[in-house]
Each structure stands twice: as C-alpha cells, then as structure tokens.
Amino acid sequence: MVKVRGPFVARFWFGVGGGILLSAIVIGLRGTLKAMQSSSTIFFSGAVPVRVRSVLTPATDRASMATSSGPKWAQKTVTLPPLPRGCHLITPKIVKEIGQDLRDFNCGLAHVFLQHTSASLTINENYDPDVQADTETFLNRIVPEGNSAPWRHTMEGPDDMPAHIKSSMFGCQLTIPITKGKLNMGTWQGIWLCEHRDAPTARRVVVTLNGI
C-alpha cells in the first residue's frame, strides 16, 4: 500500500495467466494506492483517479523487447569547404558524408553540432534560394554592423561581433529524426549553414547518430 500526496502517475504490470501481462496506468490527484499481485487488482482510495488505462500485452512480446539489441551509436566530423557570407543549403553534403552509417539505423536521432561561434545552423526552405538571400537580408538589418555599431568587441573586425550575435540567434545544433535509414525531414526542409563572417573559412560539423 502506497500513500500519495499530490498528483501522481502509476504503472503496474501483472501476470493474469495464459502468457498475458496486464499493464495498468493510473493517474490521480492524491490518496492511497494498494496493489494485490495475486488477484491482479488495483485498489485506490481517496480522490477519484482522472484516468485509468489498461493494455493487454503478450508476455512473449515483452521478453523479445527486453532481449533485443541495444541502441547503436555513430559519429563523424564533417568539414565543410569555405563558403561566402550568407545562408547555404548543406543537406546533400551532410547526407553524403554520413550515408553509410545512416543506413544502419531504422529509428533514431541525428544530432548535428557546429563547432564555431561566428556561424550557425538552422532548418529552413530547401527549394527556393531566394529564401536564403532574404534571411541574410533580415539578419543584416536587425544586427548593426560597422564603425557606428555599439559593440565593444571589435579586435577581430567589424563583422565579428555581429557574427557572434547571429550565431546565438539561430544556434549551433540541430536534432533530426531518423526513419528507415534516412533523415526524416519535411518535403521542403533542408539543413542550412549560415556563414556570418566576410572572410570564408572551413567549418566543422559533428554529426552523432543514435538509435536502433
């Protein structure tokens, strides 16, 4: 018997014979929970539970899930060639570099991390390049640049501090679902590298794959 103060979620598994397991999820506000495994019965006293859900699952299925191989990991650092200032679609380059490992995952996540503070990553339009140009125009209008800008950090050039700000706006990492050996993005979605410096430089992206 368990006394609960405040909201709670409880889940129970009981054998009910015939190779069947009973899964019960109880969500309530407060009160007392008492589970009797011999009769596969759950008693609740106090406030009435908000929701109770029971699922019958064959015991053999549970066993196969428990003994299945664990999650797999793969990681690769992709070096992107120097790109001019602006937003660039890099999905084909990333997929080409990780494709061999990606095929081994049926379900999972791809974490894409940019190792720089003056560029950024984002997911956006993969078809019309005008979207990339318009995004660059937007960034340049909202982040002041030049000798009249109020920035104190100017030792690396007038474009450096604005690049740091833009990098924080979009961020340096993405998480993308993996489904049946492919990055599961929308039809019009693509991975962008946004270069915020005037002088092109190579950029490193670490891609980590995790799943089954």
Taking atom types as modelled, is there a side-chain donor on [X] or [Y] under 3.5 Å from an acceptor on the other?
| X | Y | value |
| --- | --- | --- |
| S167 | R197 | no |
| H88 | Q132 | no |
| H153 | D160 | yes |

Membership question, hydrophobic clusters at under 4.5 Å side-chain separation (ILVMFWY): are [Y] and [X] in the same one?
| X | Y | value |
| --- | --- | --- |
| V131 | L89 | yes |
| L174 | M169 | no |
| I176 | F113 | no |
| L139 | L193 | no |
| V112 | V95 | yes |

Rounded to the nearest 0.5 Å, what separates atom [atom1] in [X] from atom [atom2] in [Y]?
| X | Y | atom1 | atom2 | value |
| --- | --- | --- | --- | --- |
| D104 | L209 | CG | CG | 9.5 Å |
| I98 | I178 | CD1 | CD1 | 7.0 Å |
| N106 | K182 | CG | NZ | 12.5 Å |
| L183 | I123 | CG | CD1 | 9.0 Å |
| Q75 | D101 | CD | CG | 10.5 Å |
| N140 | T137 | CG | OG1 | 6.5 Å |

Verdict with supporting geometry, E145 and D159, side chain to side chain contact (heavy atoms under 4.5 Å, CB included): CA-CA 6 Å; E145 185 174 330; D159 66 319; 3.4 Å; yes
Could you tell me whether the side chain of [X] and the main chain of [Y] form a donor-acceptor pair under 3.5 Å?
| X | Y | result |
| --- | --- | --- |
| H164 | T117 | yes |
| W151 | P144 | yes |
| W192 | E125 | yes |
| N126 | Q189 | yes |
| N210 | K72 | yes |
| N184 | T179 | no |
| K76 | E97 | yes |
| T79 | R204 | no |

Flag side-chain contact, heavy atom, 4.5 Å: V205 against K93: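 Of all side-chain heavy-atom pairs linking K93 with V205, none is under 4.5 Å.
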Side-chain heavy atoms of M161 within contact of T154, under 4.5 Å: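 When only atoms from C-beta onward are counted, T154 and M161 do not touch, as no gap falls below 4.5 Å.
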Parallel, tilted or perpendicular, as decided by the 30° and 60° cut-offs, for the rings of F170 and H196: tilted
side-chain hydrogen bond (donor to acceptor under 3.5 Å, both in side chains), paired with S118, selected from K166, R203, E156: R203
Where is the tightest heavy-atom contact between [X] and [Y], given as atom of each residue plus distance?
| X | Y | answer |
| --- | --- | --- |
| C172 | L121 | O-CD1, 3.6 Å |
| L83 | P200 | O-CB, 3.6 Å |
| S120 | G171 | CB-O, 3.2 Å |

